[in-house]
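So that we are looking at the same thing, I have put the structure below in structure tokens.
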Amino acid sequence: MKKEENEKRLAYLKNIVLNLPDKPGSYQFYDANHTIIYVGKAKSLKNRVSSYFHKEVDRFKTKVLVSKIWDISYTVVNTEEDALLLENNLIKKYNPRYNVMLKDGKTYPSICITKEFYPRIFKTRNINKKTGTYFGPYSNVGSMKAVLELIKALYKPRTCRFPITKEGIENGKYKPCLEYHIKNCDAPCIGKQTYEEYQSNMAQAREILKGNTREISKKVYELMLQKAAEMKFEEAEILKQRYLLIESFCSKSEVVSHTINDIDVFTIVDDDNKTNAYINYIHVTNGAITQSFTYEYKRKLEESDEDLLITAIPEIRERFHSTAKEIIVPFEMDWKLKDATFFIPQRGDKKHLLDLSEMNGKQYKFDRLKQSEKLNPEQKQTRLMKELQQKLQLPKLPYQIECFDNSNISGTDAVAACVVFKAMKPSKKDYRKYNIKTVEGPDDYASMQEVVRRRYSRMIEEGTPLPDLIITDGGQGQMSVVRDVVEGELGLQIAIAGLAKNDRHRTNELLFGNPPVTIGIDIKSELFHVLTQMQDEVHRFAITFHRDKRSKHALHSELDDIQGIGPKTRDLLLKKLKSVKQIKLADIQTLTDVIGTKKAETIYNHFHKE
């Protein structure tokens with residue numbers, strides 16, 4: 001776009017903005033093709049729309065949106081709620097490119113009660129309001145099945161798909177099926193159950209699906225007592241069994257408080273990149289949680305949590321047909337809704353509900369992260385590297401991490417090992433073993449300095465890429481001696497951390513800095529688990545090398561010191577004569593029979609020098 005054309009465009013838009021009313025409403029931005037690219041809401045159209053054209057706007061995504069705007073239209077409404085609803089309807093109709101997008105890839109099941117003469121009750125994922133009344137949707141299939149089982153046990157609704165009519169029953173058109181014979185249906189199709197009784201059962205089933213289980217329980221209990229007083233004990237017993245079933249179902253429900261009747265709860269959790277947000281919705285009826293969902297919203301611009309939440313609340317309430325007068329939210333909301341008030345609890349049962357909603361949102365976020373990392377393992381490695389970089393405030397991602405460890409027994413057979421992790425995964429081809437050459441006795445600090453000096457001096461000579469982070473198997477002492485070599489002698493700037501153990505010899509903290517300080521990492525977190533994996537790996541590698549070295553010494557015999565006698569000859573003699581002692585006592589002929597004349601003379605002369 002040419003500069004003159006752009007200035008003309010902005011002048012046209014600012015002229016529209018200057019004439020906008022100071023009233024609530026919805027505004028629409030159009031691109032060059034007059035396609036709606038953004039729909040917004042405002043308590044004051046003039047103030048809100050003009051904010052997009054302020055010079056101090058520095059948000060990149062907002063600047064991109066403004067650069068695409070060629071025209072603006074608006075609709076004035078009477079209330080803030082009307083502005084919210086209008087925005088919601090326009091977003092659904094036009095699906096603008098830059099609006100917040102609900103990422104809802106699931107079709108949750110619902111429970112349907114059909115509009116037939118004798119209604120059926122069943123689960124479905126296809127919604128057609130012409131065929132029946134729908135309850136749900138249910139995010140937890142287990143809870144939905146529990147409700148269906150309760151209704152089936154209480155009221156025995158028919159499961160057959162015959163289009164049963166009153167005339168058909170009177171004319172004897174139907175026959176009872178297996179469900180009647182196994183007592184899962186009372187056979188209304190042949191008049192065994194009256195129309196009035198069946199409809200009464202369906203009315204009670206509707207109340208249970210609405211969440212009014214406690215009210216149904218109370219009515220059934222009162223009717224049971226009435227039948228017992230009238231000496232109708234068989235009917236009273238049936239009602240008693242129904243009452244016990246309902247009470248059992250209620251005891252398994254998440255009961256918050258019987259004083260909480262009809263409340264919506266909303267919380268919002270951001271992902272690490274602030275690109276997506278997870279909004280959890282909980283509905284409480286008669287003290288029990290009847291709905292719990294988490295929706296993922298994708299930010300197109302830099303919408304605040306309040307903007308995102310106030311956009312989602314009317315949409316989610318519309319989905320679930322909620323008319324709750326009280327809405328619990330995690331922070332102050334500038335917007336208002338008609339016939340509903342926002343409330344921020346500080347303590348008690350309502351605060352428990354708010355915490356429960358936030359916990360569900362965080363769990364959903366964690367589950368989505370796990371799913372994406374299974375499909376793309378590199379995403380997890382990058383996340384852990386970024387987390388470690390943030391914790392240690394490193395200048396770049398710690399792609400290559402090296403760990404060191406020593407191993408010796410009272411200074412004998414002293415060895416050291418270095419393991420290398422790249423992108424949080426072991427790079428075994430880069431592992432290195434070291435025999436300690438310059439240190440006498442059990443001196444771990446001096447041994448560590450020797451190995452670090454040899455390792456990085458050689459890497460400098462060969463031009464090999466240096467690590468981004470060094471981790472020592474020990475606390476402040478090990479970190480200090482490594483720093484003396486790396487920074488003091490070699491003049492390298494490599495970050496150094498240490499994994500320290502507690503009194504029970506269990507790794508419990510990560511140290512970093514000079515002087516070292518404890519870095520706040522949960523010992524149960526994935527990051528700490530990977531760091532301890534590095535520590536265990538270098539310890540295993542060093543111990544294995546040390547054992548191999550000791551084993552070679554243990555297998556050493558006097559035969560190995562004889563010039564001209566190799567491992568094959570030694571093994572052959574030991575196989576035939578069993579021990580070095582028997583080889584010493586053997587005569588020249590016995591030795592010749594085993595290994596030949598020349599080698600027999602060499603061994604015989606070695607043991608019989610006198």
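What you see is a predicted model; the values in this text were computed from it and never measured.
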- Is there a donor in the side chain of K41 and an acceptor in the side chain of T311, or the other way round, less than 3.5 Å apart?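 Yes.
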- Message: Just verifying a value: how many Å separate R483 CZ and L492 CG, rounded to the nearest 0.5 Å?
- Response: 13.0 Å
- Any side-chain heavy-atom pair of V452 and V481 under 4.5 Å: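 A side-chain contact is absent here, since even the closest heavy-atom pair is not under 4.5 Å.
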- Task: Nearest 0.5 Å please: distance from the CG atom of L511 over to the CD1 atom of I496.
- Result: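 Answer rounded to 0.5 Å: 12.5 Å.
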- Given F512 and L394, is the side chain to side chain contact (heavy atoms under 4.5 Å, CB included) satisfied, shown in steps? CA-CA 11 Å; F512 186 73; L394 301 176; 3.9 Å; yes
- Query: Is there side-chain contact between R458 and R432, with at least one heavy-atom pair below 4.5 Å?
  - Reply: no
- Counting N and O atoms only, with roles assigned by atom type, does the side chain of D264 sit under 3.5 Å from a partner on the main chain of I327, one being a donor and the other an acceptor? no
- Message: Could you report the tightest heavy-atom contact between G513 and M479, atom names first, then the distance?
- Response: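 The answer is O-CE, 4.0 Å.
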- Expected output: side-chain T464 to main-chain I460 donor-acceptor under 3.5 Å: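 Not a single qualifying donor-acceptor pair exists.
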- Query: Is it true that a side-chain atom of N33 and a backbone atom of T35 form a donor plus acceptor pair closer than 3.5 Å?
  - Reply: no
- Work out which heavy atom in Q476 is nearest to a heavy atom in P516; give both atom names and the distance.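 Looking at all heavy atoms of both residues, the closest pair is CG-CG, 3.7 Å.
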- If we only count heavy atoms from C-beta on, is the I282 to S357 side-chain gap below 4.5 Å? yes
- Contact check, side chains of R317 and F266, non-hydrogen atoms, under 4.5 Å: yes
- Task: Take N280 and T294 through the side-chain hydrogen bond (donor to acceptor under 3.5 Å, both in side chains) test and state the conclusion after the steps.
- Result: CA-CA 4 Å; N280 178 261; T294 301; 2.9 Å; yes
- Query: Relative to the ring of F320, is the ring of F293 parallel (under 30°), tilted (30 to 60°) or perpendicular (over 60°)?
  - Reply: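 Rings of F293 and F320: tilted, 30 to 60°.
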- Task: Verify the neighbour count for atom CZ of R540: are there more than 12 heavy atoms of other residues, nucleotides or ligands below 6.0 Å?
- Result: yes
- Message: If you take the centroid of each ring, where Trp contributes its six-membered ring, are Y297 and Y278 closer together than 6.0 Å?
- Response: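 That pair fails the under 6.0 Å test.
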- Item | Distance, nearest 0.5 Å, that separates CD1 of I519 from CD of Q393 |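 So the CD1 of I519 and the CD of Q393 are separated by 8.0 Å.
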- Message: Could you check whether Y295 and Y281 have their ring centres less than 6.0 Å apart?
- Response: no
- Calculate, to the nearest 0.5 Å, the distance between atoms NZ and CZ belonging to K428 and F541 respectively.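 Here the rounded value is 9.5 Å.
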- Task: Could you tell me whether the side chain of V329 reaches within less than 4.5 Å of the side chain of V265, counting heavy atoms only?
- Result: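 They are not in side-chain contact.
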- Item | Side chain to side chain, D31 and I69, heavy atoms closer than 4.5 Å | no
- Query: Should the ring pair Y38 and Y52 be called parallel, tilted or perpendicular, given that the plane angle runs from 0 to 90° and is split at 30 and 60?
  - Reply: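 Geometry flag for Y52 against Y38: perpendicular rings.
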- Judged by atom type as modelled, is there a donor-acceptor pair below 3.5 Å linking the side chain of N95 to the main-chain atoms of I91? no
- Is there a donor-acceptor pair closer than 3.5 Å between any side-chain N or O of D405 and the backbone N or O of A417?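 Not confirmed, D405 side chain does not pair with A417 backbone.
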- Task: Considering non-hydrogen atoms only, spot the tightest contact between A416 and I436 and give its length.
- Result: CB-CD1, 4.1 Å
- Would you give the length of the straight line joining atom NZ of K68 to atom NZ of K63, rounded to the nearest 0.5 angstrom? 15.5 Å
- Mind listing the closest non-hydrogen atom pair of Y399 and M385 along with its distance?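 Minimum heavy-atom separation between Y399 and M385: CA-SD, 3.7 Å.
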- Message: As a quick check of understanding, evaluate side-chain hydrogen bond (donor to acceptor under 3.5 Å, both in side chains) for Q400 and D468, giving each step before the final call.
- Response: CA-CA 5 Å; Q400 182 171 325; D468 303 305; over 6 Å; no
- When you measure from the side chain of S480 to the backbone N and O of G477, does any donor-acceptor pair fall under 3.5 Å? no
- Polar side-chain atom of K365 near backbone of D270 as donor-acceptor pair, under 3.5 Å: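 Side chain of K365 to backbone of D270: a pair is present.
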- Message: Closer than 3.5 angstrom, by distance alone: can the side chain of E526 be matched with the main-chain N or O of L384 as a donor-acceptor pair?
- Response: no
- Is it true that E387 and K391 have a side-chain N and a carboxylate O under 4.0 angstrom from each other?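 Looking at E387 and K391, the cut-off is not met.
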- Item | Exercise: do S427 and D430 side chains pair donor with acceptor under 3.5 Å |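 Per modelled atom types, S427 and D430 side chains form a pair under 3.5 Å.
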- Heavy-atom count around R97 CZ within 6.0 Å, excluding the residue itself: above 12?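 At most 12 heavy atoms, drawn from other residues, nucleotides or ligands, come within 6.0 Å of this atom.
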- Query: Quick one: does D484's side chain have a donor or acceptor within less than 3.5 Å of a partner on G488's backbone?
  - Reply: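 The answer is no, because no donor-acceptor pair under 3.5 Å joins these two groups.
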- Item | Within 6.0 Å of CD in E462, more than 12 heavy atoms from elsewhere |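 Yes - once you tally the heavy atoms of other residues, nucleotides and ligands closer than 6.0 Å, there are more than 12.
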- List the steps, then state whether side-chain hydrogen bond (donor to acceptor under 3.5 Å, both in side chains) holds for D593 with T590. CA-CA 5 Å; D593 293 341; T590 302; 5.6 Å; no
- Report the C-alpha distance between Y434 and C418 in whole Å, list the side-chain angles of each, state the deciding distance to 0.1 Å, and finish with yes or no for side chain to side chain contact (heavy atoms under 4.5 Å, CB included). CA-CA 8 Å; Y434 296 91; C418 170; 4.2 Å; yes
- Message: Please evaluate residues E450 and K437 with respect to the criterion salt bridge (Lys or Arg N to Asp or Glu O under 4.0 Å), reporting the C-alpha separation (whole Å), side-chain torsions for both, the decisive distance (0.1 Å), and the verdict.
- Response: CA-CA 8 Å; E450 178 192 326; K437 298 177 179 179; over 6 Å; no
- Message: Testing the basics here: between M424 and Q381, what is the closest heavy-atom pair and its distance to 0.1 Å?
- Response: CG-O, 4.1 Å
- Task: Output yes when a side-chain donor or acceptor of S457 lies under 3.5 Å from a complementary backbone atom of R453, and no otherwise.
- Result: yes
- Derivation of the side chain to side chain contact (heavy atoms under 4.5 Å, CB included) call for F331 and L309: CA-CA 10 Å; F331 43 71; L309 198 56; 3.8 Å; yes
- Message: Between K351 and D355, does any NZ, NE, NH1 or NH2 come within less than 4.0 Å of an OD or OE carboxylate oxygen?
- Response: yes
- Between CD1 of I310 and CH2 of W335, what distance do you get to the nearest 0.5 Å?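 Rounded to the nearest 0.5 Å, the CD1-CH2 separation comes to 7.5 Å.
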- Tell me, yes or no, whether the heavy-atom count around E487 atom CD, taken from other residues, nucleotides or ligands under 6.0 Å, exceeds 12.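 Yes, because the 6.0 Å sphere around CD of E487 holds more than 12 heavy atoms from other groups.
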- Task: With the side chain counted from C-beta on, respond yes when I313 and F342 share a heavy-atom pair under 4.5 Å apart, and no when they do not.
- Result: yes
- Message: Regarding Q535 and D473, do their side chains bring together a donor and an acceptor under 3.5 Å, going by distance alone?
- Response: yes
- Message: I'd like to check I344 versus Q346 (side-chain heavy atoms, cut-off strictly below 4.5 Å). Are they in contact?
- Response: yes
- Here the pair of heavy atoms bringing L308 nearest to I279 is O-CD1, 4.0 Å
